[in-house]
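Read through the structure below, which is laid out as structure tokens, and then see the notes.
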Number of protein chains: 2
Amino acid sequence: MKQAKISEAVVKRLPVYLQVLNELQFRDILTISSQALGMKLDLNPAQIRKDLAYFGEFGRKGIGYDVAYLSEKIREILKVDRKINVALVGAGNLGHALCNYNRYSKDSMKITAVFDTNPTKIDTKINHLLVLPITELKHKINEQDIKIGIITVPAPEAQKVANQFVEAGVKGILNFAPTVIRVPEEVRIHHADFTKELLSLAYYLHREGEESDESIVD
Amino acid sequence: MKQAKISEAVVKRLPVYLQVLNELQFRDILTISSQALGMKLDLNPAQIRKDLAYFGEFGRKGIGYDVAYLSEKIREILKVDRKINVALVGAGNLGHALCNYNRYSKDSMKITAVFDTNPTKIDTKINHLLVLPITELKHKINEQDIKIGIITVPAPEAQKVANQFVEAGVKGILNFAPTVIRVPEEVRIHHADFTKELLSLAYYLHREGEESDESIVD
DNA sequence: TAGATTGTTAATCGATTAACAATC
DNA sequence: TAGATTGTTAATCGATTAACAATC
């Protein structure tokens, strides 16, 4: 097994592969080629093979990839082959949605602690989870050995929550607030900002009566 | 004004610029340099200047960019300088969250039609919006000239909803379901899949007692 | 065996960054 | 004017794709 510097683009494709593999497994499909996988995902087969080859030799020449085996291997690579506790701050609508779903990657990741500042929300229950005051954050995060935090508070509060997460020892943050957040270098921050996706969608809408943006003019 | 083929990476950075500019405007900051903007976003200043230069000359040498003017210009580029109606299918927790927020890009984008298949949800109200039966989809989408659709149904139903959107004339889809969806070439699909972000976050977590993945071994 | 498909190297393509003349 | 900063070209870097020997 060889290890090289793996680009973020590669890592972000792994969950997508996993998603398709899970679907195939559900449909009792045992084997898939990079070709077929590429078709499903609009991805170049060579890219898929190369992505996987960074982590090992998972396929069989002439045959393709064993769906169950590859799925298992990708889970190992992503380190979601074990239980991971996650904390969430912000028991609003979005927080509720995430807690109610709460079956991330075959239950390996679970939101196990929810916090809010609003006294009317504290001590209410979301799907068997008690909403705790934010003052409990550090204590609970230590107790449950939590390394991942989710932020679902309004934008103006997001940075403060991020700071508290970092202070408590969280190493990865998923931010849903539509704002830029700064964290120390050693902490990883991912943005789940659908505003970005929504606005960029508007860019690609070509309405009648307008010049096309596709035209190349110098 | 010159037009060249604009890469998706560039387009997806525009909403991020917009976000920061809005924040600056709120704080009554009138001007910002690519340098300062780059600091805020961990982006190379040259990249920011180049991104903007694709669309026109918005800055002033020696001065920087006028915050209000650039913000306005980016809104024009993204075409969110006008009212855009959006449809949403799936009045679950996530759908609720999106409808309750419903102030995307300074109110220019608004969810104006919500659908569900579940009879117990139909005719309920979410933030002044009546949940309609999915059978009304095509009619309402035509009536309101909707070109963007949001999918917040469970994964197994997502493809079906996408097909209905396409059939109704929707040109851009934002999919929140953690599954791969296929649409015709002329329809644009963006994924707001936080599962991807969450799983890839786990990859970057370095737990004690494990070899580092950063080491380069041949 | 013949056909299929991997893992991997080399070639290509595209995106990011550095550098700098123009100019506020 | 001197200092700052843009817009843009050229250089660099990295990611994607093509091609193919190895082999199931």
Side-chain angles (χ1 to χ4, degrees), chain A residues 1-14 16-17 20-21 24 29-71 73-74 77 200 214 216-218, chain B residues 1-14 16-17 20-21 24 29-71 73-74 77 200 214 216-218:
Chain A
M1 179 159 175
K2 72 162 195 234
Q3 285 280 6
K5 61 270 150 279
I6 314 287
S7 85
E8 193 170 322
V10 174
V11 174
K12 294 239 170 142
R13 278 192 294 269
L14 296 179
V16 181
Y17 299 154
V20 176
L21 291 169
L24 292 171
I29 292 163
L30 301 179
T31 297
I32 191 158
S33 67
S34 61
Q35 173 82 221
L37 198 52
M39 294 271 282
K40 271 191 177 296
L41 292 168
D42 263 327
L43 249 41
N44 186 299
Q47 180 168 69
I48 296 173
R49 294 200 298 278
K50 198 163 198 286
D51 282 355
L52 298 174
Y54 281 115
F55 304 98
E57 304 197 358
F58 305 130
R60 288 219 295 156
K61 286 169 181 158
I63 310 285
Y65 298 89
D66 181 279
V67 170
Y69 179 71
L70 184 57
S71 165
K73 281 299 166 188
I74 293 179
I77 295 161
S200 56
E214 299 296 319
I216 292 157
V217 184
D218 274 81
Chain B
M1 180 162 177
K2 72 162 194 233
Q3 284 280 5
K5 62 271 149 278
I6 314 288
S7 86
E8 193 171 322
V10 174
V11 174
K12 294 237 169 143
R13 278 193 294 269
L14 295 179
V16 181
Y17 299 153
V20 175
L21 291 169
L24 293 171
I29 291 164
L30 300 178
T31 297
I32 191 159
S33 67
S34 60
Q35 174 81 221
L37 198 52
M39 294 272 282
K40 271 192 177 295
L41 292 168
D42 262 327
L43 250 40
N44 186 299
Q47 180 167 69
I48 296 173
R49 295 201 298 278
K50 199 163 199 283
D51 282 355
L52 298 174
Y54 281 115
F55 303 99
E57 304 197 358
F58 305 130
R60 289 219 295 157
K61 287 170 182 159
I63 310 285
Y65 299 89
D66 181 279
V67 171
Y69 179 72
L70 183 58
S71 165
K73 281 298 165 189
I74 292 179
I77 294 161
S200 56
E214 298 298 317
I216 292 157
V217 184
D218 275 81

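The sequence lines fix the lettering, A, B, ..., with proteins before strands; numbering per chain opens at 1.
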field: Bracket notation of DNA chain C in which parentheses pair within the strand, [ ] cross earlier pairs, and | pairs with another strand (Watson-Crick or G-U, under 3.5 Å)
entry: ..||||||||||||||||||||||
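As a whole-Å value, the separation of B:L41 CG from C:dT16 C1' is 16 Å. Rounded to whole Å, atom C1' of D:dT6 lies 14 Å from atom CG of B:D51. Straight-line distance from the NZ atom of A:K5 to the P atom of D:dC13: 14 Å, rounded to whole Å. C:dT16 atom C1' lies 15 Å from atom CG of B:L52, rounded to whole Å. At whole-Å resolution of the value, CD in B:E57 and P in D:dT5 are 18 Å apart. One atom, CD1 of B:I32, and another, P of D:dT5, lie 11 Å apart when rounded to the nearest Å. Between the CZ atom of B:F58 and the C1' atom of D:dT6 there is a distance of 13 Å, given to the nearest Å. Straight-line distance from the CD atom of B:Q35 to the P atom of D:dG7: 15 Å, rounded to whole Å.
Ranking D:dG7, C:dT16, C:dT6 by closeness to the B:A9 side chain, first place goes to C:dT16. Ranking C:dT16, D:dT6, C:dT8 by closeness to the A:A53 side chain, first place goes to C:dT8.
The side chain of A:S7 places no N or O atom within less than 4.0 Å of a non-bridging phosphate oxygen (OP1 or OP2) of D:dG14. For A:R13 and D:dA15, the shortest distance from a side-chain N or O to OP1 or OP2 is not below 4.0 Å. Note on A:S34: every side-chain N or O is 4.0 Å or more away from OP1 and OP2 of C:dT5. The shortest distance between the side-chain N/O atoms of B:Y65 and the OP1/OP2 oxygens of D:dA4 is not below 4.0 Å.
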Heteroatom pairs (N/O) under 3.5 angstrom, protein to nucleotides 22-24 of chain D:
{"from": "D:dC24", "atom 1": "O4'", "to": "A:K61", "atom 2": "O", "distance (Å)": "3.0"}
{"from": "D:dC24", "atom 1": "O3'", "to": "A:R60", "atom 2": "NH1", "distance (Å)": "2.7"}

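If you take CZ on A:R60 and OG1 on A:T31, they are separated by 8.0 Å, rounding to the nearest 0.5 Å. One finds the CG atom of A:D66 at 11.5 Å from the CD1 atom of A:I32 (value rounded to the nearest 0.5 Å). Between atom CZ of residue B:R13 and atom CG of residue B:L43 there is a gap of 6.0 Å, rounded to the nearest 0.5 Å. From B:L52, atom CG reaches atom OH of B:Y65 across 5.0 Å, with rounding to the nearest 0.5 Å. The OG atom of B:S33 sits 9.5 Å away from the CE atom of B:M39 when rounded to the nearest 0.5 Å. For the atom pair CZ (B:F55) and CD1 (B:I77), the distance works out to 5.0 Å, reported to the nearest 0.5 Å.
For A:K12, the NZ atom counts as densely surrounded, since its 6.0 Å shell holds more than 12 non-hydrogen atoms of other residues, nucleotides or ligands.
Contact between A:S34 and A:R49 at its shortest, heavy atoms only, is OG-NH1, 2.9 Å. Across every non-hydrogen atom of B:I74 and B:L14, the tightest pair is CG2-O, 3.8 Å. Nearest heavy-atom pair, A:V11 versus B:S200, reported as atom, atom and distance to 0.1 Å: CG1-CB, 3.9 Å.
The only option from B:L30, B:I29, B:L70 that meets the side-chain contact (heavy atoms from CB on, under 4.5 Å) definition with B:L24 turns out to be B:I29.
At a non-hydrogen distance threshold of 4.0 Å, B:R49, B:K50 from residues 43-50 of chain B come into contact with DNA chain D.
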